[in-house]
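Letters A, B, ... mirror the listed sequences (proteins, then strands); counts begin at 1.
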Amino acid sequence: MLNRTNLATLLVVLAFLAVPMAATWLGTNYVITLATRVAIYGIVAVSLDMLVGRGNLVSFGHAAYFGLGGYAVAIASFHLANDVPIFGWSGTNEALIAWPLAMAVAGLAALVIGALSLRTAGVYFIMITLAFAQMLFFLFVALKYYGGDDGLSLSTRNLFAGNRITDSRTFYWICVSALALCVLLSWRILNSRFGMVLRGAAASERRMAALGFPVYRYRLAAFVIAGMMAGLAGALWANQNRFVSPDMLSWVRSGEFLVMVIMGGLSSLVGPVVGAAAFLLIESYLSGATEHWQMIFGPFVLLVAVFAPRGLWGAVRGKDRQ
Amino acid sequence: MQLFLEQLLNGLQLSLTLFLLAAGLTLVFGIMGVINLAHGSLYMIGAYAGAYAAAKTGTFWLALPAGLAAAALVGAAMEFIIVRRLYARDHLSQVLATFGLILFFNGFIAWSAGRSPLLIETPPQLAGFVEVLPGLRYPAYRLAMMAVGVAVALGLWWMISRTRVGMLIRAGSDKREMVEALGVDIAKLFTLVFALGALLAGLAGVMVGPIRSVQIGMGEQVLITTFVVIVVGGIGSIRGAFAGALLIGLCDTLGRAYVPMLLKSWLSGPLADGLGAALASVIIYLVMALVLVIRPRGLFPVSG
Amino acid sequence: MSALQLEGLRKSFGSLRATDNVSLGVEDGECHAVIGPNGAGKTTLIGEITGEIAPDAGRISLFGVDVTSWNVPRRALSGLARSFQITQLAPGFTALDNAAFAVQARQGHSFRFIADARKDKRLREPALAALEQVGLADRADRNAEALSHGERRQLELAVALAMQPRLLLLDEPMAGMGPEEGARMVEILRGIKRTMTIVLVEHDMDAVFALADRVSVLVNGAILKTGTPREVRDDARVRDAYLGAGAH
Amino acid sequence: MRLKSLALAGAALLSLTGAAAAQQPLKLGIVTTLSTPGGYLGEDARDGILLAIAEEGGKLGGIPIQPLVEDDKLKPGDAKQIVDKWIENDKVQLFTGIIFSNVSVAVVPSILEAGGIFVSPNAGPSNFSGKACHKNYYVASWQNDNLHESAGALAKKLGYKKMVLLAPNYQAGKDAITGFRRMYGGEVIEEIYTGLEQTDFAAEMARIRAAKPDAVFQFHPGGQGIAFLRQWTQAGLKDQIPMVVASPSLEQRIAGAAGDAAIGIAATAHWNTDFKNAENEAFVKGFRAKYNREPTVYASQGYDTAKLIASALNASGGKLDDSFRAGMLKADVKLTRGPFKFNKNQHPIQDWYEIKAVKGADGKVVLESGAKVLEQHGDAYAKDCNL
């Protein structure tokens, strides 16, 4: 069935596949660097869409899980590099250990924060998720041992099953695979029984409760899943930049994540990825073009919010959904 | 004891400044259901307009009306051009649009006023200090700020409980039809309320001018604290904003003053200093989390 | 054993006593109607039974189990289904989806993340059966918000039936319906009547007297009278307080 | 989707111009902080660099220069992305501009690994001044500790016995206190750490008043510093307790904004507007003429950075190889700050002066330099550097 949505999805997939060739043809690795970043932010955007788009849970603190994932990887590598065990553990540089660890840490934080935040709703939920993220931000600023405000550098990228992933193409494929996995997983989840409850609760919470669904628990589970995906993205980001800092958790970044999701299109699996790409390209172009980039980017964000709440993907999808 | 009293005064002064910001934000949310992240930008605009006027005229007493007018005008324009399109929209669109506004205003100020921090001269009449209690000197300007905060609180109370505008405000957004049935132009009322909120933010902006530096990004620093205040107080409630401002202002100041000292009594020096400062900077978020766990809709929840 | 037992339920909102010492027993298998003028406290009583409103005092038992401290979903899973006066269907989902939610709820937890719920026969077949029961099978693939008012009320009922409840609480199922639609709804309810216990909160007197085994009259938050339809109809106090004043 | 192809087309365009530009001007990557409250620091450093380039008619040391400027938003991650883009897309090899240490710590390794050269106009974190020093990494300003060491030396010289020290609770703040203590040697009654973005210090001032020190040292750059000075005066502490600060807490813009509140404070710096040498007089005049504002210490650092680069490019004929390094290390150039040479860790050895704020002829507050506090001072980390 080749409607506009499927065609556009196909084009996005082809674009990701074509990136390395484009880089060779253009003779610059920067295309790969940029596309890798798109893939990483794409994961965050997809995970945030699960909450905001499908669950109607506007989390304004998603950067916290992204940052925690990054810090988990950096701290594990820091302890290994400096030969100081942490709680008797020597640390690790192996991605297959460090990345799941990053997801676990982010998921655990999401569990605690979600358990408290999901007791509230609406604007209170927006604010309390923001406040918790700020709390973690200040915590990392104060953590002098791990660099505090200066952040923490990784001496090398993680090893992936013992192999080096410093080559930008190798790393690109890893990030794109992670993105593909997250998109596929989200797609399955959202159509599963679990996803039906999550979406049903967004449509009518009262109804779902009256049917016997303990909505809180399902939302909490979604919150944890989204947190874990963001944690994975943070781990990848830390590897790409070989650096983490509290800035990863800042509220401005949480805001940017929301912008990506909406710019791309809420409640569409591929839309948030397109949103991440658009956001990065526009921001990187504008801030290179003028030091007063905020004066152009701000109104642009505003126009998207006011006039295109369905985002780019909404425009692509057009009349498909009737 | 004297130190404690001084810290208490500091806490109250911070509380009353926060209240000026929180009152406007909570009014706008309570009546129009709009969450306005750019409220901090209005505070910044008030401060910059005040600093500009002060630099041109050399007196604080002209900076004050300039800051108020600029904030109120920008606020009214913001409502008229943008915010009014967001009333019927979900919080997400509002967050996004006003996030865009923050970026714009920061860029605009950098472009038009430059990046140097500015300052407003303290009015000479208030430059000294007052002996509040024997031996306890307190800056006259901060006392004046507290007086303004109290006056605004009383004024708002009077307006809301005694005037026609206040009655309309109390009627709230969910009774829009009723208000319209009374022959009130609701669009005008909303613009008015938004401008009033902006005016209060501008007032706070000009008033902190002589104390803090006027700089880009000053709005965001204070915005999040203001959100904490209104969430703790109960969004939409002026009374809640006042209570929340008191709680947060006092917790923040006393936390910064005493948490490091308390920690020092059972931890070694440098560790206690660092940890104390870290703890002091997150204390308001801890308070907020605690309040919301016990009362998910804040201390003074607004019904409906 | 009674299906639903209310003992001394009290709830005040400020100075208003919404339910004032309400005690009521609903027998297993019975169809029990609760009637009362506007503002009598029916909505509050429903809230207290379903768990949306916590009473200030009193006890609620379902099938002999004290559920006073239970939340809404837990009561629902113990066999209490309800319909809403103002329909609470999930917009953006089809009629069949809405019924399938109910089926899914009673099939244990939904922490199942991979298999496509819309292709799950264990959900779709019982859901379709429930739609058939209320005569909505041909609307299965319509979005809930695209249905007519009457159809949405029928869907409300189908969703409740799909839960296969032991106790069905119907909150004004005839509200806003024309005479024809109303008659059809009465027919449907008559069909399910003996298969489960029903508490019917309703304004429409004809429907109440056509369906109910017993009727309780709620006035100013208190039960004024409980009895057979005939007893209630003949009661002078009821007539004064209610029927005489504002009956349809 | 359309955006993606647009981007690819854009990247193509960029790289094509890059390829065609082989004999074109040398690209100088200036990644600096232009937004956020710290934006004016980067603005001045950038303008200092651009002034030097403009004075030579678009050249440095006779080599045509194409400056690329981008705002790092004070986010290390963003700075890294900008640098990656320049290295990969524009083949930039020579970098400067970074203001803040946390940005520097994140970005400098990427530049060095890619074989690039970095000349710092401001940040000089200890991370790269000891063991991890690098032959392609130069600091034209100071090692971070120098700022506070000179303040410590001044406090000692002024004879203060008991002091309270204040700094923000992040790395640079903690380094400030360490640096100050190194040269001060007296008793520290209390160290107070303030919040990252705190601008109201009433609570801390009450603590200081209660502690009754001989003097106080505080490190709050930019807007925080202005706020601190104003509140200090309002609280009536200015006449009771003397204050010693390092250059970032009392530079020209802070003095201008703080006004009378700055008068009487003891500060230190390695440069000031009033330095009497031909280079400085030309710089100050040129800066005022071009930008219509007073230069700050950051502007002078930017200008000096460009002059050092110019001297090296002149020596190497525009090549960025060992001859460039030889030219840099020779530092055969007159700087606005006076005598200057590179230590073996390629950080400055220079003089530090006492600075105080006074009322100028037009009633505005200006900074005035005084006696030398430290002469030809290097840093404590150079001994660990094996270059």
Side-chain angles (χ1 to χ4, degrees), chain A residues 46-47 50 53-56 107 111 118-119 121 181-226 228-229 266-269 310 314 317 320-322, chain C residues 46-47 49-52 70-84 86-93 97-120 122-123 127 143-146 155-156 159-160 162-165 169 171:
Chain A
V46 167
S47 74
M50 188 188 291
R54 313 301 181 133
N56 197 17
L111 181 69
L118 287 165
R119 292 169 45 89
L181 263 174
C182 286
V183 171
L184 283 177
L185 192 67
S186 302
W187 175 58
R188 297 306 311 180
I189 286 177
L190 292 169
N191 288 312
S192 70
R193 288 187 176 214
F194 176 82
M196 292 299 274
V197 179
L198 183 68
R199 291 156 59 196
S204 173
E205 178 172 358
R206 227 177 136 200
R207 156 63 69 198
M208 297 309 271
L211 291 180
F213 292 108
V215 169
Y216 173 86
R217 282 182 225 167
Y218 292 98
R219 286 184 167 157
L220 185 55
F223 206 77
V224 171
I225 294 172
M228 288 171 77
M229 281 190 193
L266 280 172
S267 305
S268 60
L269 281 165
R310 295 178 64 213
R317 191 145 61 177
D320 279 4
R321 283 268 300 236
Q322 260 316 323
Chain C
I46 291 170
I49 296 172
T50 59
E52 285 183 340
W70 292 15
N71 63 11
V72 177
R74 195 167 172 203
R75 291 186 199 191
L77 288 179
S78 76
L80 170 65
R82 70 166 301 182
S83 73
F84 290 89
I86 300 164
T87 49
Q88 292 281 337
L89 299 160
F93 291 87
D97 288 337
N98 270 282
F101 280 136
V103 179
Q104 187 179 329
R106 67 176 156 84
Q107 288 183 357
H109 70 81
S110 289
F111 288 100
R112 299 178 190 185
F113 297 97
I114 302 299
D116 192 332
R118 284 196 170 107
K119 291 180 182 147
D120 190 337
R122 288 177 55 229
L123 295 178
N143 266 7
E145 68 272 22
L155 181 53
E156 273 279 336
V159 172
M163 290 172 73
Q164 297 189 345
L169 178 60
D171 188 357

_How close do C:Ile114 and A:Arg188 get, counting heavy atoms only, and between which atoms?_
O-NH2, 2.9 Å
*Pick from C:Asp116, C:Asn98, C:Asp97: which one has the most heavy-atom pairs with chain A under 4.5 Å?*
C:Asp116
*To the nearest 0.5 Å, tell me how far C:His109 NE2 sits from A:Phe213 CZ.*
12.0 Å
*For the residue pair A:Arg193 and C:Gln107, establish whether any side-chain heavy-atom pair is separated by less than 4.5 Å.*
yes
*Sequence neighbours excluded - side-chain hydrogen bond (donor to acceptor under 3.5 Å, both in side chains) pairs with any residue from residues 195-212 of chain A*: A:Ser204-C:Gln88, A:Glu205-A:Arg219, A:Arg206-C:Glu52, A:Arg207-C:Glu156
_Under a 4.5 Å cutoff for heavy-atom pairs, which residue among A:Ala201, A:Ala209, A:Pro214 has the most contacts with chain C?_
A:Ala209
*Considering all heavy atoms of both residues, which atom of A:Ala221 and which atom of C:Phe111 are nearest to each other, and what is their separation?*
CB-CE2, 3.6 Å
*Can you tell which part of C:Ala81 gets under 4.5 Å to a heavy atom of chain A, answering side chain, backbone, both or neither?*
neither
*At a heavy-atom separation under 4.5 Å, does A:Leu190 approach chain C through its side chain, its backbone, both, or neither?*
neither
*Take atom CH2 in C:Trp70; do more than 12 heavy atoms of anything else shown fall under 6.0 Å from it?*
yes
*asked:* Determine whether a donor-acceptor pair (N or O, by modelled atom type, separation under 3.5 Å) exists between the side chain of A:Ser192 and the backbone of C:Arg112.
replied: yes
*Could you list the residues that satisfy side-chain contact (heavy atoms from CB on, under 4.5 Å) with A:Ala210, not counting sequence neighbours?*
C:Arg82, C:Phe84
*Using a cut-off of under 4.5 Å on heavy-atom pairs, state which of C:Ala144, C:Ala102, C:Pro165, C:Ala115 scores highest against chain A.*
C:Ala115
*Output the option from C:Ala117, C:Ala100, C:Ser110 having the highest count of non-hydrogen pairs under 4.5 Å with chain A.*
C:Ser110
*Name the region of C:Asp120, side chain, backbone, both or neither, that has any atom closer than 4.5 Å to a heavy atom of chain A.*
side chain
*What closest approach, in Å, do C:Phe101 and A:Leu211 show between heavy atoms, and which atom pair accounts for it?*
CB-CD1, 3.5 Å
